[in-house]
Amino acid sequence: LKPDGCGIIIFGASGDLVYRKLMPALFNLYVRQLMPEKFYILGFARTEMSDDDFRERARKALTDAHKNSEAHIIDSFLSHCRYTSGDYNNIEAYRQLQKKASICECDYTKKENKLFYLALPPQLHSTVVSRLSQSGLTVEGDKGNPWARVVFEKPFGHDLQSALDLDNHLCSMLNPSQIFRIDHYLGKETVQSILMLRFANIMFEPLWNEKFIDNIQITVAESVGVGHRGGYYEQAGCLRDMFQNHMLQMLSLVTMEPPTRFEAEYVQNERVKLLKAIRPWSERTLKDNIVRAQYTAGEINHEAVQDYRQEANIDPDSITESFVAMKLYIDNWRWQGVPIYLRSGKRMHMRESEIAVTFKRVPYSLFGFESQHEMPANILVMKIQPNEGVDLTIHTKQPGPKSCMASLSLSFKYSEVFDVAPQDAYERLLLDCMLGDRTLFLSSEGVEAAWTIIDPILNFWRNYPEKSPLQTYKAGSWGPKASDDLLLRNGHQWRNPP
Ligand code: BG6
């Protein structure tokens with residue numbers, strides 16, 4: 001599993017993501033001896049810093065994230081880190097970068113493999129890739145030896161057209177095999193285990209269709225607000241931030257057909273096929289089946305939190321949504337008529353992400369219910385985070401002389417069974433990039449298919465605001481009433497943990 005020696009060149013190396021996620025993930029791989037034998041990490045950003053300044057920043061992040069790590073292991077990891085600064089648009093800066101990378105190759109790897117990680121706002125993606133390509137840094141050797149790979153953080157564009165333009169540009173500069181588009185949800189252990197649960201157990205797949213499944217709910221509730229990312233979020237909103245990527249990718253894993261092989265192309269193709277089968281929106285479904293809302297001041301965990309419009313870098317008259325709920329259908333034989341509900345929002349009651357598959361009720365009630373409609377259903381819940389695991393609600397007899405039924409949960413908790421916290425998503429994805437495994441990354445068709453679902457909603461909101469009014473919900477609640485009503489119309493309810 002150990003990747004070949006390589007340099008990891010991080011663009012945007014003075015930014016938050018690098019210290020919050022990337023450095024801790026690379027360090028964890030190092031501790032678990034999954035980094036290449038020979039590697040270097042080269043930070044690149046506009047901010048001027050020496051190698052030592054960069055290491056000190058990284059040291060702080062690592063000591064915060066890994067409180068129990070011994071100082072000498074952190075020192076040893078940091079001895080692989082260097083830094084260089086420059087303007088992203090200036091070709092001269094790339095010459096300097098190339099020089100520094102060559103020095104690192106002599107000092108550390110003796111190989112020219114390079115992984116470029118673009119932890120940058122999307123407006124800079126095209127520029128950086130052009131300059132990298134002009135300066136020859138992304139040229140690969142014969143049969144990809146040495147290799148050069150470029151990792152892109154979401155968002156990929158801000159609508160369908162801009163995503164297509166970006167993709168055309170990238171593909172004119174790089175081979176498709178050099179492009180790694182990250183959706184960090186695909187790197188989460190619990191998201192990956194969806195496919196294992198479905199396709200490594202015989203008992204679920206025969207029931208996994210419209211005959212036996214009543215509805216599916218996917219919730220990603222966050223208790224945090226927009227924090228210091230107000231500037232970005234105000235432009236993006238919840239639909240672009242969470243649905244275009246994470247929500248639709250999870251949906252595709254739960255509902256896609258089994259791939260014939262567990263390899264990138266096969267898995268990516270099935271995910272795309274599923275997204276393409278989502279029923280296109282009509283004016284009526286755009287109006288009736290989607291709810292957008294923004295939080296007002298409230299309380300979370302006994303702490304007062306402010307109105308979305310009062311957060312830093314947010315327009316006081318903002319109409320950006322911090323919550324979306326939607327109902328959609330998949331037009332294929334397997335899922336015909338099964339409502340799929342998705343919701344996500346910030347400043348909700350608690351942090352809780354789960355996928356709940358509710359089965360249909362038994363056809364005839366033997367056990368005292370007036371009709372089978374009153375029988376409780378079996379529910380399979382994949383708990384994505386926190387408290388990662390799987391719960392299956394079943395019904396059994398209560399002890400005693402009468403035939404009374406009780407519902408209970410067969411429950412698997414990741415932390416109890418495996419005795420380790422799930423690996424961080426970025427760890428897995430960075431390792432896969434170094435290994436050249438693209439299974440957990442998005443294909444260009446996947447990004448396009450997701451935007452094709454999201455674009456009509458954005459247009460509708462923009463063109464017909466009166467038909468899709470922005471609702472409000474109190475911070476600390478489970479969202480606006482309109483979101484509950486959306487399910488009630490089909491006789492359903494959101495599963496809200498207490
Ligand atoms: C990011 C979004 O992609 O995912 C954030 O931009 C969101 O707004 C985050 O908070 C959620 O990720 P996680 O891993 O904390 O569930």
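Each ligand, and each atom within it, is numbered from 1 in the order the structure gives.
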- Think R279 forms a cation-pi with W281, using NZ or CZ under 6.0 Å from the six-ring centre and within 45 degrees of its axis? no
- Kindly confirm or rule out a cation-pi arrangement of K154 over F156, judged by NZ or CZ under 6.0 Å from the six-membered ring centre and within 45° of its axis?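 The answer is no; the distance or angle limit is not met.
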Going by the order shown, which atoms of ligand 1 are within less than 4.0 Å of some heavy atom of [X]?
{"X": "K346", "answer": "5 (C), 7 (C), 8 (O), 10 (O)"}
{"X": "H246", "answer": "1 (C), 3 (O), 4 (O)"}
{"X": "D241", "answer": "2 (C), 5 (C), 6 (O), 8 (O)"}
{"X": "K154", "answer": "1 (C), 2 (C), 3 (O), 6 (O)"}
{"X": "H184", "answer": "1 (C), 3 (O), 4 (O), 12 (O), 13 (P), 14 (O)"}

- Look at atom 5 (C) of ligand 1 and find which of Q385, E222, R229 reaches it with the closest heavy atom.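 It is R229 that holds the nearest heavy atom.
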- Query: Quick one: does R149's side chain have a donor or acceptor within less than 3.5 Å of a partner on L115's backbone?
  - Reply: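 The answer is no, because no donor-acceptor pair under 3.5 Å joins these two groups.
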- Message: Quick one: does any side-chain atom of T190 pair with a main-chain N or O of I384 as donor and acceptor, under 3.5 Å?
- Response: yes
- Taking the side chain as every heavy atom from C-beta outward, state whether M173 and T138 have any atom pair closer than 4.5 Å.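 They are not in side-chain contact.
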- Message: Any nitrogen or oxygen of R351, side chain or backbone, less than 3.5 Å from one on ligand 1?
- Response: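 Looking only at distances, the answer is no, because the N/O contact criterion of under 3.5 Å is not met.
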- Query: How does Y233 reach ligand 1, by side chain, by backbone, by both or by neither, if only non-hydrogen atoms under 4.0 Å count?
  - Reply: neither
- Task: Write out the residue and atom name of the closest protein heavy atom to atom 14 (O) of ligand 1, then the distance separating them to 0.1 Å.
- Result: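 Ranking protein heavy atoms by distance from atom 14 (O) of ligand 1, first comes K188 NZ, 2.6 Å.
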- Query: With a 4.0 Å cut-off, would you call K346 and E222 a salt bridge?
  - Reply: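 Judged by the 4.0 Å cut-off on N to carboxylate O distance, K346 and E222 do form a salt bridge.
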- Query: Parallel, tilted or perpendicular: which fits the ring planes of Y19 and F54, with parallel below 30° and perpendicular above 60°?
  - Reply: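 Taking F54 first and then Y19, their aromatic rings stand perpendicular (interplane angle over 60°).
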